[in-house]
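Written below as structure tokens is the structure these notes are about.
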Amino acid sequence: MIEAPPASLRLRIDKQALAANWQALNRLSGKAQAGAAVKANAYGLGVDTVVPVFAKAGARQFFVAHWSEVAAVLAHVPAHMIAVLHGVQNAAEAHYAVTTGVYPVLNSLHQAAVWHTTGAAQCHLMVDSGINRLGLPPADCGDPALEGLEIGLLMSHLASAEDDTTQNAAQLAIFNQAAAHFPAARRSIANSAGIALGSDYHFDVTRPGLALYGGVPCAALAGEIAQVAFPEAAVMQVRTLNAGDAVGYNATYTAPHAMRAATVSLGYADGVLRQWGGTLALQYQGASLPVIGRISMDMVVIDCTHGPTLREGDFVGLPFHLPAAARASGLSQYELLTLLGRRYAR
Ligand SMILES: *Cc1c(COP(=O)(O)O)cnc(C)c1O
């Protein structure tokens, strides 16, 4: 195969920060062991980059949402360490689970019945303690359909872990009641923000995702988490605008005076949605170069007034400190990560 030339978009991943974030979250999990949510291609950062770092740091439990996400993770860690959060909906998924040895997270009596048909016993179980999204209703915990299952991890998921709300304690109480039905299972309720809620929420395993990748869901984690992802894009063209020249689709920007402008290989297909345009500036050698005009699918134009030395082929940075980028763009930190797309060299 002919090798493609270097990409004009790159996503630099700080692996030391990634390992340090897992270690910080593992330490903050107290007696519990931190796992890692690596669904959606490790929140967009790349399973092949991320999973070996967490495995080396000591993570022993990896969570994906879909069966289609299993193979990429299985290339790096043994099957018994992988849990599929969506569980088994049908015979095809159950067959795949049994064949690979990857554990489903059962979410309903229907899923338990599907799992029983395989003859396999080992699985995980998600109880819905009040998010009302996916998970076994607490009232079903004593159902005979669950007998014979060997539940490794009994889980639940918090709806508002990043908020100071009574919903967290209410969910915890329901989870503790449900757990009494499954005394042999290890327990897990905390996502990233849940870890900061304290030892009552830690149980045996925690399930951080966002914070591993540099997201800061709550103030308590702010000093603990480092930025991991640094998107960079190449300058494709530099031009001089005259006063009155309009830039981009629908001519939303008109140059007030003569200026240098650069066209950068970065667009909304790369996660920079148009709504970010009003406030976004790209970084070059310490300078902030504002985006002018509309964000296109594959390009943005920036005002180079404060970057007089910027040339074609230079790379500029997308400001991607997640809490700040979320405030500036109106996107959530989760959306910013998972929108990054496939064109970055990772
Ligand atoms: C995605 C997910 C997590 C990780 O949540 P973060 O908020 O990203 O830390 C944990 N548990 C479940 C069930 C999830 O779906």
Side-chain angles (χ1 to χ4, degrees), residues 18 21-26 28-29 32-45 47 50-51 54 59-67 69-70 73 81-87 103-108 111 123-136 151-163 165 167-168 171-172 174-175 178 185-197 201-222 224-225 228-229 322-323 326 331-340:
L18 200 56
N21 287 347
W22 185 85
Q23 278 151 355
L25 291 160
N26 189 48
L28 292 167
S29 298
Q33 243 243 337
V38 296
K39 60 199 179 186
N41 196 26
Y43 288 48
L45 300 192
V47 159
V50 158
V51 169
F54 295 153
R60 292 293 173 266
Q61 190 69 68
F62 296 85
F63 301 92
V64 295
H66 291 245
W67 291 100
E69 299 177 315
V70 163
V73 181
M81 293 187 186
I82 306 173
V84 176
L85 291 163
H86 286 190
Y103 284 31
V105 178
L106 303 183
N107 291 288
S108 65
Q111 291 199 0
C123 58
H124 305 305
L125 183 67
M126 173 71 74
V127 175
D128 192 319
S129 56
I131 193 169
N132 287 304
R133 199 179 60 168
L134 188 63
L136 188 78
I151 295 161
L153 261 187
L154 182 75
M155 296 182 228
S156 195
H157 193 57
L158 297 168
S160 310
E162 63 275 33
D163 300 332
T165 160
Q167 191 183 13
N168 293 318
Q171 285 197 257
L172 182 66
I174 290 170
F175 181 57
R186 300 170 79 217
R187 301 177 190 185
S188 173
I189 196 172
N191 63 346
S192 298
I195 292 170
L197 292 175
Y201 293 80
H202 293 161
F203 294 100
D204 299 302
V205 173
T206 58
R207 308 189 305 270
L210 181 73
L212 293 171
Y213 309 110
V216 182
C218 55
L221 292 179
E224 308 282 353
I225 298 302
V228 168
L322 288 169
L331 297 164
S332 78
Q333 298 179 57
Y334 296 86
E335 290 170 319
L336 284 165
L337 285 166
T338 55
L339 281 167
L340 284 171

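In listed order, ligands and their atoms are each counted from 1. Just so we're clear, the structure is a prediction, and the values are computed from it rather than from any experiment.
- Residue-to-ligand polar distances place G209 within reach of ligand 1: an N/O pair is separated by less than 3.5 Å.
- For the pair L322 and Y334, the minimum side-chain heavy-atom distance is 4.5 Å or more.
- Between F203 and F175, the angle of the ring planes goes over 60°, which puts this pair in the perpendicular group of the 30/60° scheme.
- In this structure, Y334 is part of the shell of residues with a heavy atom less than 4.0 angstrom from ligand 1.
- Counting atoms of ligand 1 from 1 in the listed order, those under 4.0 Å from a heavy atom of P208 are 9 (O).
- Of all the heavy atoms of M126, the ones lying under 4.0 Å from any atom of ligand 1 belong exclusively to the side chain.
- Selection from E162, M155, R207 by nearest heavy atom to atom 11 (N) of ligand 1 gives R207.
- In this structure A83 satisfies the side-chain contact (heavy atoms from CB on, under 4.5 Å) test together with Q61, F63, V105, H124, sequence neighbours excluded.
- Contact annotation: the side chain of H202 approaches that of I195 to within less than 4.5 Å [non-hydrogen atoms, C-beta and beyond].
- Here the protein heavy atom with the shortest distance to atom 9 (O) of ligand 1 is S192 OG, 2.5 Å.
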Does the pair Y43 and L212 meet the rule for a side-chain contact (heavy atoms from CB on, under 4.5 Å), with working shown? CA-CA 10 Å; Y43 288 48; L212 293 171; over 6 Å; no
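- Using a 4.5 Å heavy-atom threshold, the side chains of D128 and S156 count as separate.
- For atom 2 (C) of ligand 1, the closest non-hydrogen atom of the protein is K39 NZ, 2.5 Å.
- Proximity to A37 (heavy-atom distance under 4.0 Å) selects the following atoms of ligand 1: 4 (C).
- Taking atom 5 (O) of ligand 1 as the reference point, the nearest protein heavy-atom neighbour is N191 CB, 3.4 Å.
- Here the closest heavy-atom approach between residue V84 and residue A65 is recorded as CG1-O, 3.4 Å.
- Taking a cut-off of under 4.0 Å to the non-hydrogen atoms of Y43, the atoms of ligand 1 that pass are 1 (C), 4 (C), 5 (O), 6 (P), 8 (O).
- Atoms of ligand 1 lying under 4.0 Å from at least one heavy atom of L210, given by number and element, are 6 (P), 8 (O), 9 (O).
- The shortest heavy-atom contact between Q167 and S160 is OE1-OG, 2.6 Å.
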